Amino acid sequence: MNITKATLILDDGSKYEGFSFGAEKSVIGEVVFNTAMSGYLESLTDPSYAGQLMTLTYPLIGNYGVPARTVQPDGISVFMESDRIHADAIIISDYSYECSHWNSVNSLAEWLKEEGVPGIYGIDTRALTKRLREHGVMIGCIALGDDVDEKAVNAQISAFNYDEVNFVDKVSCKEVITYNEGKGKKRVVLVDCGVKHNIIRCLRKRDLTVVRVPWDYDFNDMEYDGLFISNGPGDPDTCDAAVRNIRKALGGNKPICGICMGNQLLAKAGGASIYKLKYGHRSHNQPVRMASTDKCFITSQNHGYAVDSDTLGHDWEPLFVNMNDGTNEGIRHKNKPFFSSQFHPEACSGPTDTEFIFDRFAETLFS
């Protein structure tokens, strides 16, 4: 077996040498880390990872392979979170060339090659993660071959600015798509900022017709009963069109719920500010407390920005707080049925402790 050497170079000049196991091409992006022990299938197909090189801290990856791309009649994936891989690359410690699972039909390496996504293994991901935690997320490049032109790579890294790219526009749908037409008891507009398919599954499961619209679509003249704002990649400050449309909706009383990017855009529409976290929250085990209660939940998260709770207007208040660093994990309006979560209540893959968020949204629609 021929194995190609690969090198990860960060914008601080540090290098990590390993081997290629995906598509054999170079790539530049924001290097982040995810501490989940499983779920590489769901994470790779999560649109929120667009533009990022995803480091998995769990050492052994690939051992359960990849299932067939099974799609329901309405186009929603059965096992994946979108119709393709969105992460620009995957960085791991130990790749399992042998895989075994009851629904596996492909290896992770074969899947990456089919979709043109690079993978690198043999990296000391503990050392890499420690550097990212101390320095913060960095721009990095995966370069292939024994003789890497570091000067050229560093020039490319210097020219790349993750925060200035509107990744939401890259991953959002381009036209209006309706799910459960004629079957749902209420009609919900879903603003697609990079929606995970399990959000749509969770809404359909609650007898809702879902009208999925592009991120910058003005939905305010549509007939609908509630508004849902999805997760998505990149800097929320690049999504002014969505914020303006959401701000119009705040003038009414129709229920509004947001997840992840949706939390940030709802907060911005309400007048709050957003800031970038040092290295973000990307894991399946973030403890979150519901404000003004002793209730704490284990949550799945994937975000690099946060709402500044101190800038919330007088009509708004925090709904959830992160127990690790005190950052905002959700907001709610004091008088209207508007609320959101920074974490993922649809949590695919796991945990499912907070799926009640969808129940509460549905309850506000039917009340």
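On a predicted model such as this, the values are computed, not experimentally measured, just so you know.
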Exercise. Are E317 and K334 within salt-bridge range, i.e. N to O under 4.0 Å?
Worked result: no
Problem set entry | Salt bridge flag under 4.0 Å for residues K268 and D237 |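 Looking at D237 together with K268, the answer is yes, because their closest N to O distance falls below 4.0 Å.
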For this session: Evaluate side chain to side chain donor-acceptor pair (under 3.5 Å) for N322 paired with Q342, printing each intermediate quantity in order.
Result: CA-CA 10 Å; N322 189 290; Q342 186 60 59; over 6 Å; no
Within a 6.0 Å radius of atom [atom1] on [X], are there more than 12 heavy atoms belonging to other residues, nucleotides or ligands?
X    : atom1 : result
D147 : CG    : no
K183 : NZ    : no
F79  : CZ    : yes
K185 : NZ    : no

For this session: I would like to know whether F361 and V188 meet side chain to side chain contact (heavy atoms under 4.5 Å, CB included); could you show each step before the answer?
Result: CA-CA 10 Å; F361 177 63; V188 174; 3.9 Å; yes
Problem set entry | Check: Y40 ring centre within less than 6.0 Å of Y58 ring centre | no
Exercise. Is the gap between the ring centers of F21 and F19 under 6.0 Å?
Worked result: no
Below 4.5 Å, heavy atoms only, C-beta onward: do [X] and [Y] meet side chain to side chain?
X    : Y    : result
H86  : F167 : no
I199 : F228 : yes
M80  : R69  : yes

Problem set entry | side chain to side chain contact (heavy atoms under 4.5 Å, CB included) between K113 and S107, intermediate numbers included | CA-CA 10 Å; K113 290 175 183 176; S107 72; over 6 Å; no
Problem set entry | Distance-only polar pair, side chains of H281 and D325, donor-acceptor under 3.5 Å | yes
Exercise. Side chains of H101 and N103: is there a donor and an acceptor less than 3.5 Å apart?
Worked result: yes
For this session: In sequence, state the C-alpha distance, the side-chain angles, and the governing distance for N328 and S309, and then conclude on side chain to side chain donor-acceptor pair (under 3.5 Å).
Result: CA-CA 6 Å; N328 178 271; S309 293; 3.1 Å; yes
Exercise. Checking side chain to side chain contact (heavy atoms under 4.5 Å, CB included) for the pair K254/L227: CA distance, chi angles, key distance, verdict?
Worked result: CA-CA 7 Å; K254 294 178 180 178; L227 176 65; over 6 Å; no
For this session: Evaluate side chain to side chain donor-acceptor pair (under 3.5 Å) for N302 paired with N231, printing each intermediate quantity in order.
Result: CA-CA 9 Å; N302 176 17; N231 62 292; over 6 Å; no
Exercise. Could you walk me through whether T55 and I123 pass the side chain to side chain contact (heavy atoms under 4.5 Å, CB included) check?
Worked result: CA-CA 10 Å; T55 304; I123 296 290; over 6 Å; no
